Amino acid sequence: MLFLDACRFQNHSRPPAWIMRQAGRYLPEYRQLRETYSFVELCTTPELAVEVSLQPLRRFGFDAVIVFYDILFLPEAMGAPLEFTEEGPVFKRPVRSLADVDGLHPPDLHALDPRKGTGAILETLRRLRADVPPDTALLGFAGAPFTVAAYLIEGGFKRSGDRMKRAMYEEPRTVHRLLEQLTECTGEYLAAQVEAGADSVQLFDTWAGLLGPADYHEFAQPYERAVLARVASTGAPSILYVNGGPHLLGEMALSGASVLSIDWRMPLPTARSIVKERVGLQGNLDPYALFAPPAQVRTQVASVLESLRGDRGYVFNLGHGILPETPVESVEAIVETVRAWRP
Ligand code: CP3
């Protein structure tokens, strides 16, 4: 399988390709289901989540299927009430004190009710395992402790990370206690996803790029390492994604991830010179590049592929999730270009 070969640094063929948020609002068939069902219903009803996860595979033939779910259902199952509003997800009772942290608890990993557990993602993975072709990877995922803690502390979707960064300095003990709790649950959660059939899992530390190297070293990387070590104990390879993190890449390479997923801010060959051999790289076309005409998308994809020609540990992806207004033709252009590519 191309994807697992690349994770193991043994891919001698064209790179595998998938894209973050490949199931979602840019697809007419997804929008049609959303007329009937809420986002939460789609994620937590296994037959619907299977259907949505498979939509991009049917249309484009990607090399990986990522299970349809969200990183914030795990903290919800740990006791933090969550609402998906028009502006995005919001925690109704943000974490503001040690008592709030101690009010969180490990989820019941097998309860199908999303407020109690995360059984829906496990059941969706088991069903997908039967439907995903053997040459296509099945991916699970979770939010990394730092990123999920930032959501819990902020309460809502704010890019600045203002409250989280203040809390790191004002109440480091509370923040570390929260990170420890999340680490324990996230490791077990990802191991359960592998047991349910995931070939690999991606850990999203989307917000860790807000940190300078010393803070990353204290508040993000030790927790990534612990989670990824639990994944490694299952034998499955892992992917670590950080947005805005080129300055952290050397440290990210020590996290234990099999593959590092990077955004568009650093050219892949520069990234490769920093992480050296053995650690895979995933990325890194800017999602906005897909608003160019298809011919230009082809050229851009080809130039990303050319930049790591011959690399045995490379997975094509975007530098962040695909945007809801993206033309479907651009995604077709990606897949055609990657499939026609000869190393
Ligand atoms: O990649 C995939 O196709 C798998 C599904 C997936 C979703 N969210 C579905 C989703 C994954 C892997 C995620 C990860 C996720 N969720 C992250 C980390 C990666 C990143 O993009 O930064 C974060 C920070 C979240 C939290 C989250 N969920 C936000 C901030 C939002 C609102 C923003 C938005 O795009 O609407 C969501 C909602 C969400 N998660 C949608 C999807 C398809 C949109 C829901 C809809 O209205 O249909």
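All residue numbers refer to positions in the sequence shown, counting from 1. As a basis for the values below, the full set of heavy atoms in this structure was taken, side chains included, without hydrogen atoms, waters or symmetry mates. On a predicted model such as this, the values are computed, not experimentally measured, just so you know.
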- Query: Can you list the steps and then say if Asp102 with Arg177 is a salt bridge (Lys or Arg N to Asp or Glu O under 4.0 Å)?
  - Reply: CA-CA 8 Å; Asp102 290 338; Arg177 179 94 68 100; 2.7 Å; yes

- Rounded to the nearest 0.5 Å, what's the gap from OG on Ser258 to CD1 on Ile239? Could you check? 8.0 Å

- Interatomic spacing from OG1 in Thr206 to CD1 in Ile71 - rounded to 0.5 Å: 5.5 Å

- Query: Are Phe9 and Leu2 co-members of a hydrophobic cluster defined by side-chain heavy atoms under 4.5 Å apart?
  - Reply: no

- Looking at Arg126 and Glu123, does any basic side-chain N land under 4.0 Å from a carboxylate oxygen? yes

- Taking atom CD of Glu41 as the centre, does the number of heavy atoms from other residues, nucleotides or ligands within less than 6.0 Å exceed 12? yes

- Query: Can you find a pair of side-chain heavy atoms, one from Val338 and one from Val301, that are under 4.5 Å apart?
  - Reply: yes

- Item | Other residues, nucleotides, ligands: >12 heavy atoms within 6.0 Å of Arg14 CZ | yes

- Any donor-acceptor pair under 3.5 Å linking the side chain of Gln55 with the backbone of Leu27? no

- Task: Take atom CD of Gln32 as the centre, draw a 6.0 Å sphere, and report whether it contains more than 12 heavy atoms from other residues, nucleotides or ligands.
- Result: no

- Does any non-hydrogen side-chain atom of Ile262 lie less than 4.5 Å from one of Val242? no

- Is it the case that more than 12 heavy atoms not belonging to Lys276 sit under 6.0 Å from its NZ atom? no

- With rounding to the nearest 0.5 Å, note down the distance linking CG in Leu268 to CZ in Phe316. 9.5 Å

- With under 30° as parallel and over 60° as perpendicular, where do the rings of Phe204 and Phe141 fit, or are they tilted in between? perpendicular

- Query: Going hydrophobic residue to hydrophobic residue with side-chain gaps under 4.5 angstrom, can you get from Ile274 over to Met252?
  - Reply: yes

- Item | Candidates Tyr216, Tyr223, Trp207 - the one meeting side chain to side chain contact (heavy atoms under 4.5 Å, CB included) with Phe146 | Trp207

- Could you give the distance from OG (Ser255) to CG (Leu228), rounded to the nearest 0.5 Å? 5.5 Å

- Task: For the pair Arg21 (side chain) and Pro324 (backbone), establish whether a donor and an acceptor sit closer than 3.5 Å, ignoring hydrogens and angles.
- Result: no

- Message: I'd like to know if the side chain of Thr326 and the backbone of Ile322 have a donor-acceptor N/O pair within less than 3.5 Å.
- Response: no

- Message: Determine whether a donor-acceptor pair (N or O, by modelled atom type, separation under 3.5 Å) exists between the side chain of Thr234 and the backbone of Ala236.
- Response: yes

- Query: Residues sharing Phe291's hydrophobic cluster, by side-chain heavy-atom contacts under 4.5 Å among ILVMFWY, directly or via others?
  - Reply: Tyr288, Leu323

- Query: Hey, any chance Val328 and Met20 share a hydrophobic cluster, counting ILVMFWY side chains that come within less than 4.5 Å of each other, even indirectly?
  - Reply: yes

- Which atom names give the shortest non-hydrogen contact between Pro89 and Leu82, and what distance separates them? CB-CD1, 4.0 Å

- For the side chain of Ser38 and the backbone of Arg34, is there at least one donor-acceptor N/O pair under 3.5 Å apart? no

- In short, Tyr314 meets Asn284 closest at the heavy-atom pair OH-N, 4.3 Å

- Using a strict 4.0 Å threshold on nitrogen-to-oxygen distance, state whether Arg93 and Asp100 make a salt bridge. no

- State, yes or no, whether a side-chain contact exists between Asn11 and Leu4 at a heavy-atom distance under 4.5 Å. no

- Task: Not counting sequence neighbours, which residues clear side chain to side chain contact (heavy atoms under 4.5 Å, CB included) with Ala137? List them please.
- Result: Met1, Phe3, Ala64, Leu139, Asp199

- Can you find a pair of side-chain heavy atoms, one from Pro75 and one from Tyr151, that are under 4.5 Å apart? no

- Short question: side chain of Asp5, backbone of Gln10 - any donor-acceptor pair under 3.5 Å? no

- Message: Is it the case that the side chains of Gln282 and Gln202 hold a donor-acceptor pair, with the cut-off being a distance below 3.5 Å and no angle test?
- Response: yes

- Transitively linked via ILVMFWY side-chain contacts under 4.5 Å: Tyr37 with Val40? yes

- Item | Whether Ser330 side chain and Pro294 backbone form a donor-acceptor pair below 3.5 Å | no

- With no hydrogens and no angle check, is any side-chain donor or acceptor of Glu154 less than 3.5 Å from a backbone partner on Asp162? yes

- Message: Taking the side chain as everything from C-beta on, heavy atoms only, tell me whether Leu57 gets closer than 4.5 Å to Pro133.
- Response: yes

- Query: Which heavy atom in Leu290 sits nearest to a heavy atom in Pro327, and how many Å separate them?
  - Reply: O-CD, 3.5 Å

- Message: I want to check something: taking the side chain as every heavy atom from C-beta on, are Leu182 and Met78 in contact at a cut-off of under 4.5 Å?
- Response: yes

- Message: Please say yes or no: joined through hydrophobic side-chain contacts below 4.5 Å, possibly via intermediate residues, are Leu305 and Trp264 part of one cluster?
- Response: no

- Query: Mind checking whether Pro15 and Trp341 have side chains closer than 4.5 Å, heavy atoms only?
  - Reply: yes

- Task: Using a 4.5 Å cut-off on heavy atoms from C-beta on, say whether the side chain of Leu190 contacts that of Leu203.
- Result: yes

- For the rings on Phe84 and Phe39, is their centre-to-centre separation under 6.0 Å? yes

- Note on the structure: Taking every heavy atom of Pro46 against every heavy atom of Ala120, the minimum-distance pair comes out as CG-O, 4.2 Å

- Message: Checking side-chain polar atoms at under 3.5 Å, does Glu51 have a donor or acceptor matched by the opposite partner on Tyr30?
- Response: no

- Can you tell me if NE2 on His247 sees more than 12 non-hydrogen neighbours from other groups inside 6.0 Å? yes

- Item | Nearest atoms (heavy-atom pairs only) where Val231 meets Ser238 | CG1-CB, 4.1 Å

- Query: Any ion pair linking Glu325 and Arg25 (charged N to carboxylate O, less than 4.0 Å)?
  - Reply: no

Donor-acceptor pairs under 3.5 angstrom involving side-chain atoms of residues 164-171: please list them, not counting sequence neighbours.
from: Lys165; atom 1: NZ; to: Leu210; atom 2: O; distance (Å): 2.9
from: Arg166; atom 1: NE; to: Glu170; atom 2: OE2; distance (Å): 3.1
from: Arg166; atom 1: NH2; to: Glu170; atom 2: OE2; distance (Å): 2.8
from: Tyr169; atom 1: OH; to: Asp215; atom 2: OD1; distance (Å): 3.3
from: Tyr169; atom 1: OH; to: Asp215; atom 2: OD2; distance (Å): 2.5
from: Glu171; atom 1: OE1; to: Thr174; atom 2: OG1; distance (Å): 3.0

- Item | Residues Arg58 and Asp131 bridged, charged N to O under 4.0 Å | no

- Could you tell me whether a side-chain N or O of Arg309 sits under 3.5 Å from a main-chain N or O of Arg342, the two making a donor and an acceptor? yes

- Check against side chain to side chain contact (heavy atoms under 4.5 Å, CB included), Arg31 and Glu35: CA-CA 7 Å; Arg31 289 197 300 270; Glu35 281 173 21; 5.7 Å; no

- Item | Shortest non-hydrogen contact between Ala77 and Thr118, atoms and distance | CB-CG2, 4.1 Å

- Task: May I ask you to decide if Phe68's main-chain N or O and Ser53's side chain share a donor-acceptor pair within less than 3.5 Å?
- Result: yes

- Taking atom types as modelled, is there a side-chain donor on Thr147 or Asp205 under 3.5 Å from an acceptor on the other? yes

- Task: Check the surroundings of atom CD in Glu184: do more than 12 heavy atoms from other residues, nucleotides or ligands lie under 6.0 Å from it?
- Result: no

